[in-house]
Amino acid sequence: MKQYFVSKSKYDGDIVYINLDEKKGYRVSPKDYLSYDGVKVNEMVIIKPSLIEKIIKRKIKLRLDYFMRLILSLMDGESSSDDSRKALDDLERYKVIIDRKYSIYLDDKYMALLNKKINILERELMASL
């Protein structure tokens with residue numbers, strides 16, 4: 001498998017191979033598949049900690065917004081109690097994913113705030129059962 005390192009500055013035209021097993025980074029694989037004649041990317045490893053933090057925080061925010069919309073639909077009576085049970089199970093699973101996968105990239109203060117938000121969402125879902 002070929003691995004490439006791309007940098008805007010200090011590019012002199014040579015291809016630099018790096019060993020990504022030694023570098024600790026966040027692995028991202030593209031979800032949208034467009035056919036074109038350019039380079040096809042199967043996986044990308046992000047090494048810059050600030051960029052990793054921004055990406056993970058955005059992913060977490062989008063997922064928490066999904067749970068908020070679900071709770072609002074449960075309060076409006078648009079969904080059944082089976083949906084709230086599934087959502088509660090999904091929230092529990094997501095909480096474990098955050099603790100295992102994302103906690104190494106995020107600071108403790110943000111993790112504490114995130115756990116408080118998830119606990120509030122859990123209480124609301126439990127109340128809708």
Side-chain angles (χ1 to χ4, degrees):
M1 178 170 85
K2 294 183 180 180
Q3 299 174 349
Y4 301 99
F5 177 71
V6 180
S7 175
K8 285 169 88 175
S9 62
K10 300 180 185 176
Y11 179 69
D12 57 359
D14 295 334
I15 296 175
V16 178
Y17 296 100
I18 59 171
N19 188 1
L20 293 177
D21 295 332
E22 295 174 2
K23 300 270 186 184
K24 298 293 181 189
Y26 182 67
R27 295 184 183 276
V28 179
S29 59
K31 301 296 181 204
D32 295 331
Y33 299 101
L34 300 174
S35 61
Y36 66 100
D37 296 333
V39 176
K40 293 183 181 179
V41 177
N42 295 330
E43 184 178 65
M44 183 172 67
V45 178
I46 301 171
I47 299 173
K48 188 175 182 181
S50 62
L51 184 59
I52 293 171
E53 187 176 344
K54 286 179 185 178
I55 289 172
I56 291 175
K57 283 183 179 181
R58 184 168 188 261
K59 284 179 73 170
I60 290 172
K61 182 187 179 306
L62 291 174
R63 192 67 175 172
L64 291 180
D65 288 345
Y66 162 75
F67 284 116
M68 286 295 297
R69 287 191 308 272
L70 187 64
I71 289 172
L72 289 175
S73 69
L74 288 170
M75 287 181 169
D76 291 341
E78 297 173 5
S79 300
S80 65
S81 64
D82 290 336
D83 292 336
S84 62
R85 283 191 181 96
K86 289 177 186 176
L88 187 61
D89 290 341
D90 192 28
L91 185 63
E92 287 290 328
R93 184 182 59 81
Y94 192 64
K95 186 176 181 180
V96 171
I97 289 172
I98 288 173
D99 287 338
R100 289 187 181 167
K101 189 175 179 182
Y102 299 148
S103 64
I104 58 174
Y105 302 112
L106 301 171
D107 59 345
D108 294 334
K109 185 177 178 182
Y110 182 78
M111 286 299 294
L113 179 65
L114 187 59
N115 284 328
K116 287 180 184 178
K117 288 179 181 181
I118 290 174
N119 288 337
I120 291 171
L121 291 173
E122 283 178 343
R123 278 186 277 159
E124 290 297 322
L125 284 171
M126 291 294 284
S128 66
L129 288 177

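This structure is a prediction, so every number in the text was calculated from the model and none was measured.
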Practice problem: Give the C-alpha distance, both sets of side-chain angles, the deciding distance and a yes or no for side chain to side chain contact (heavy atoms under 4.5 Å, CB included) between Ile118 and Ile98. | Solution: CA-CA 11 Å; Ile118 290 174; Ile98 288 173; 3.8 Å; yes

Quiz item: What distance do Arg58 atom CZ and Lys54 atom NZ have between them, rounded to the nearest 0.5 Å?
Solution: 12.5 Å

Quiz item: To the nearest 0.5 Å, how far apart are CG in Leu114 and CG in Asp108?
Solution: 12.5 Å

Quiz item: Any side-chain heavy-atom pair from Lys101 and Val96 closer than 4.5 angstrom?
Solution: no

Self-check item: Lys57 vs Tyr110, side chain to side chain contact (heavy atoms under 4.5 Å, CB included): CA-CA, chis, key distance, verdict
Solution: CA-CA 9 Å; Lys57 283 183 179 181; Tyr110 182 78; 3.7 Å; yes

Quiz item: Are Ile104 and Met111 connected, step by step, through hydrophobic side chains (Ile, Leu, Val, Met, Phe, Trp, Tyr) whose heavy atoms are closer than 4.5 Å?
Solution: yes

Quiz item: Looking at side-chain heavy atoms only, is the closest gap between Ile52 and Ile47 below 4.5 Å?
Solution: no

Practice problem: Taking the side chain as every heavy atom from C-beta outward, state whether Arg27 and Ile46 have any atom pair closer than 4.5 Å. | Solution: no

Quiz item: Quick one: CD1 on Ile97 to OG on Ser103, what's the gap to the nearest 0.5 Å?
Solution: 12.5 Å

Exercise. Answer yes when Arg93 and Asp90 have at least one side-chain N-carboxylate O distance shorter than 4.0 Å, and no when they do not.
Key: yes

Quiz item: Of the non-hydrogen atoms in Tyr94 and Ile60, which two are nearest, and what is the gap between them?
Solution: OH-CA, 3.4 Å

Quiz item: Between Leu121 and Leu113, is there a shared hydrophobic cluster once you connect ILVMFWY residues whose side-chain heavy atoms come closer than 4.5 Å?
Solution: no

Quiz item: For Leu91 and Leu125, which heavy atoms make the closest approach, and how far apart are they?
Solution: CD2-CD1, 3.9 Å

Self-check item: Beyond-backbone contact of Met75 with Ile71, side-chain heavy atoms, under 4.5 angstrom
Solution: yes

Quiz item: Given side chains that start at C-beta, do those of Asn115 and Asp99 come closer than 4.5 Å, heavy atoms only?
Solution: yes

Quiz item: So do Tyr102 and Lys59 actually touch side chain to side chain, heavy atoms under 4.5 Å?
Solution: yes

Quiz item: What pair of heavy atoms forms the shortest contact from Pro30 to Glu43, and how long is it?
Solution: CD-N, 4.3 Å

Quiz item: Does Leu70 offer a backbone N or O that forms a donor-acceptor pair with the side chain of Ser73 under 3.5 Å?
Solution: yes

Quiz prompt | Worked check of side chain to side chain contact (heavy atoms under 4.5 Å, CB included) between Ile120 and Met68 | solution = CA-CA 10 Å; Ile120 291 171; Met68 286 295 297; over 6 Å; no

Quiz item: Nearest 0.5 Å, what's the CG-CZ distance between Leu72 and Phe67?
Solution: 13.5 Å

Practice problem: Verify side chain to side chain contact (heavy atoms under 4.5 Å, CB included) between Ile55 and Tyr26, making sure each step is shown before the conclusion. | Solution: CA-CA 10 Å; Ile55 289 172; Tyr26 182 67; 4.1 Å; yes

Exercise. Give the C-alpha distance, both sets of side-chain angles, the deciding distance and a yes or no for salt bridge (Lys or Arg N to Asp or Glu O under 4.0 Å) between Asp65 and Lys61.
Key: CA-CA 6 Å; Asp65 288 345; Lys61 182 187 179 306; 3.0 Å; yes

Quiz item: Given side chains that start at C-beta, do those of Asn119 and Lys95 come closer than 4.5 Å, heavy atoms only?
Solution: yes

